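Written below as structure tokens is the structure these notes are about.
Throughout, protein chains are lettered first and strands after them, A, B, ... in sequence-line order, and every chain is numbered starting at 1. These numbers come from a predicted model, not from an experiment.
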Protein chains: 2
Amino acid sequence: MKTIHTISIVGTGNVAIHLGKALLESGITISDVYGRNTSNAKTLADALSCTVTEEIKNVKGDLIIICVKDSAIQEVAELIPSNKLIVHTSGAISMDALNSHDKFGVFYPLQSISKNRIVAFEKIPILLESNDKELLNELDRIAKQISQKTVHLSSDERKTIHLAAVFVNNFVNHLILQSKTIMDSKQLDWQLLLPLLDETINKLKDLGPLEAQTGPARRSDDTTINEHLSLLSGKEKEIYQLLSESIKQTYQL
Amino acid sequence: MKTIHTISIVGTGNVAIHLGKALLESGITISDVYGRNTSNAKTLADALSCTVTEEIKNVKGDLIIICVKDSAIQEVAELIPSNKLIVHTSGAISMDALNSHDKFGVFYPLQSISKNRIVAFEKIPILLESNDKELLNELDRIAKQISQKTVHLSSDERKTIHLAAVFVNNFVNHLILQSKTIMDSKQLDWQLLLPLLDETINKLKDLGPLEAQTGPARRSDDTTINEHLSLLSGKEKEIYQLLSESIKQTYQL
């Protein structure tokens with residue numbers, strides 16, 4: 001396999017923008033951008049110092065990186081000539097969504113990538129997979145230009161990580177929203193809780209979360225648990241109850 | 001009321017140790033320590049350059065800070081002469097647990113304080129309450145010697161904060177434990193998730209958790225939700241389901 005020198009970006013969303021910029025900044029040439037929305041494609045192409053390709057079958061990079069929503073990956077891939085090297089960037093979608101092609105793979109940055117936030121790719125693990133050993137080596141070489149950490153994993157392993165990531169990112173964020181809702185309901189300043197949040201994270205990193213657990217459920221303090229439940233209603237109450245039961249069960253209290 | 005110059009610490013647990021040290025380092029004199037376990041009391045008294053008082057009724061500070069477990073606060077307080085200025089350090093217990101005394105209050109550092117961790121009190125909000133305005137002023141003066149942030153709150157407000165803190169600290173930690181359990185079950189390195197955890201926290205601080213929410217439940221992606229549920233069982237499955245429902249409800253999807 002030839003060394004990959006140029007990359008096409010398919011898609012114009014957050015991953016396309018941030019990954020494209022990180023690749024460009026690491027010295028890789030972005031050849032072109034394809035996007036259904038031609039205005040967005042033009043904007044991104046300008047940012048990546050490259051051209052817009054108007055028909056997807058004409059994308060011209062040595063490697064095509066598909067950065068579209070999960071449900072469109074397979075359909076978009078099938079529009080690209082099957083002899084092109086092609087990868088997607090999704091945590092949840094199996095590599096086999098690209099098996100219309102000869103050589104294909106996955107290039108998944110394990111991070112929550114948002115439009116207006118700076119993404120420090122060097123700290124982000126990039127999870128790689130390919131049906132072709134040479135392509136996997138090339139993906140690893142490219143990933144290492146933007147990140148200190150690359151890992152070669154199967155689609156099943158990547159799906160497990162994506163599931164765990166929902167707990168770490170989506171569910172943690174939602175619990176913090178609930179803490180804010182509770183504070184707001186009494187006109188209390190939510191920001192008072194942020195030093196506690198920082199220490200929570202630092203402590204669980206140092207000790208591991210099994211050792212770091214404290215609180216009423218951990219010490220089976222039903223007086224406090226019941227008082228807290230009496231202050232809650234709806235989904236917050238259900239969540240308090242279920243998580244307290246789960247903590248008790250973990251420590252077999 | 002006389003200015004408070006000396007403080008007695010009642011109790012020898014984590015709060016007693018760390019709060020005592022912070023007060024001492026800020027230039028306040030600890031007069032004595034009382035603890036049921038005389039060996040622990042001796043160790044703490046040595047660390048705080050003070051004496052051990054063997055009978056609790058003889059504690060000699062201008063202010064007595066009670067740092068014992070919640071269920072013992074009232075009982076311990078009643079053993080101390082009622083003309084002594086007295087505070088407890090609990091988030092969950094009403095100030096009125098001390099109403100056997102003339103002047104009393106609460107001095108609650110809003111943090112998870114663990115034995116072997118350095119506690120940076122200057123960043124920790126200290127929540128204050130008293131039945132006496134002069135004592136409240138004195139508590140504020142003392143708290144400001146160790147922390148940049150003091151807040152005067154009622155017992156009900158403090159209880160609300162304590163409840164919200166359970167979400168921020170205990171429940172967030174438990175969700176991270178579940179992410180680790182999921183990763184461990186497939187021999188995957190849990191530490192891969194830590195950059196995502198950091199970004200989760202940074203993002204919700206910047207945007208607020210309502211705006212920061214992403215993920216399958218946020219976009220009502222039932223295909224991914226159902227695939228994830230099929231990989232889970234037991235309490236983890238129940239938690240995934242309930243939190244996903246709660247996220248959908250939050251955004252009325």
Side-chain angles (χ1 to χ4, degrees), chain A residues 70 92 110-112 114 117 123-125 151 157 160-161 163-180 182-183 186 188 192-197 199-201 203-205 209-210 212-218 224 228 231 235 238-239 242-243 245-247 249-250, chain B residues 70 92 110-112 114 117 123-125 151 157 160-161 163-180 182-183 186 188 192-197 199-201 203-205 209-210 212-218 224 228 231 235 238-239 242-243 245-247 249-250:
Chain A
D70 287 1
L110 178 55
Q111 187 54 283
S112 169
S114 320
R117 292 184 62 74
K123 300 278 183 200
I124 301 178
V151 194
E157 289 171 322
T160 298
I161 293 180
L163 167 60
V166 168
F167 282 76
V168 167
N169 178 277
N170 308 158
F171 292 169
V172 164
N173 185 78
H174 189 60
L175 285 185
I176 303 297
L177 175 64
Q178 293 185 309
S179 79
K180 184 169 185 298
I182 291 166
M183 296 290 276
K186 297 283 169 74
L188 291 164
L192 285 175
L193 295 166
L194 295 183
L196 178 62
L197 178 57
E199 171 63 6
T200 302
I201 304 304
K203 187 174 163 187
L204 71 83
K205 283 183 187 171
L210 189 68
Q213 188 69 57
T214 58
R218 176 66 184 90
T224 301
H228 283 167
L231 298 170
K235 282 281 182 285
E238 289 178 55
I239 288 167
L242 181 57
L243 286 169
E245 281 168 21
S246 181
I247 291 169
Q249 185 177 298
T250 299
Chain B
D70 287 1
L110 179 53
Q111 187 55 281
S112 169
S114 320
R117 292 185 61 75
K123 300 279 183 200
I124 301 177
V151 194
E157 289 171 321
T160 299
I161 294 181
L163 168 60
V166 168
F167 283 76
V168 167
N169 177 277
N170 309 158
F171 291 169
V172 163
N173 185 77
H174 189 60
L175 286 184
I176 302 298
L177 175 64
Q178 292 185 308
S179 78
K180 185 170 186 297
I182 292 166
M183 295 291 276
K186 296 284 168 72
L188 291 163
L192 285 174
L193 295 166
L194 295 183
L196 177 63
L197 178 58
E199 171 62 6
T200 302
I201 303 304
K203 188 174 164 188
L204 71 85
K205 283 184 189 171
L210 190 68
Q213 188 69 56
T214 59
R218 175 66 185 91
T224 301
H228 282 167
L231 298 171
K235 282 280 181 285
E238 288 179 56
I239 288 168
L242 181 57
L243 286 169
E245 280 168 20
S246 181
I247 291 169
Q249 185 178 299
T250 300

Roughly how far, to the nearest 0.5 Å, is [atom2] of [Y] from [atom1] of [X]?
X	Y	atom1	atom2	result
B/Thr200	A/Asn173	OG1	CG	7.5 Å
A/Ile239	B/Ile239	CD1	CD1	9.5 Å
B/Leu197	A/Asn169	CG	CG	9.0 Å
A/Leu242	B/His174	CG	NE2	8.0 Å
A/Phe167	B/Leu177	CZ	CG	10.5 Å
B/Leu194	A/Lys123	CG	NZ	12.0 Å

Taking all atoms of both residues into account, what is the closest heavy-atom pair of [X] and [Y], and its distance?
X	Y	answer
B/Leu110	A/Leu192	CD2-O, 3.5 Å
A/Gly215	B/Asn170	CA-OD1, 3.3 Å
B/Pro195	A/Gln111	O-NE2, 3.4 Å
B/Leu193	A/Ala164	CD1-CB, 3.8 Å

Max heavy-atom pair count under 4.5 Å with chain A, selected residue of B/Thr160, B/Leu196, B/Leu204, B/Thr224: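 Option with the greatest count: B/Leu196.
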Closest-packed option against chain B by number of heavy-atom pairs under 4.5 Å, given A/Leu188, A/Val151, A/Leu210: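 The option with the most such pairs is A/Leu188.
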When you compare the side chain of [Y] with that of [X], does any pair of heavy atoms fall below 4.5 Å?
X	Y	answer
A/Ser246	B/Glu238	no
B/Val168	A/Leu175	no
A/Ile201	B/Val172	yes

Interface moiety of A/Glu157 toward chain B, non-hydrogen atoms closer than 4.5 Å: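 When you check distances to chain B, atoms from both the backbone and side chain of A/Glu157 fall under 4.5 Å.
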Any residue meeting side chain to side chain contact (heavy atoms under 4.5 Å, CB included) with B/Lys203, in chain and number order, not counting sequence neighbours: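 Partners of B/Lys203 by the side chain to side chain contact (heavy atoms under 4.5 Å, CB included) criterion, ordered by chain and then number, come out as A/Ser112, A/Ser114, A/Arg117, B/Glu199, B/Leu207, B/Ala212, B/Thr214.
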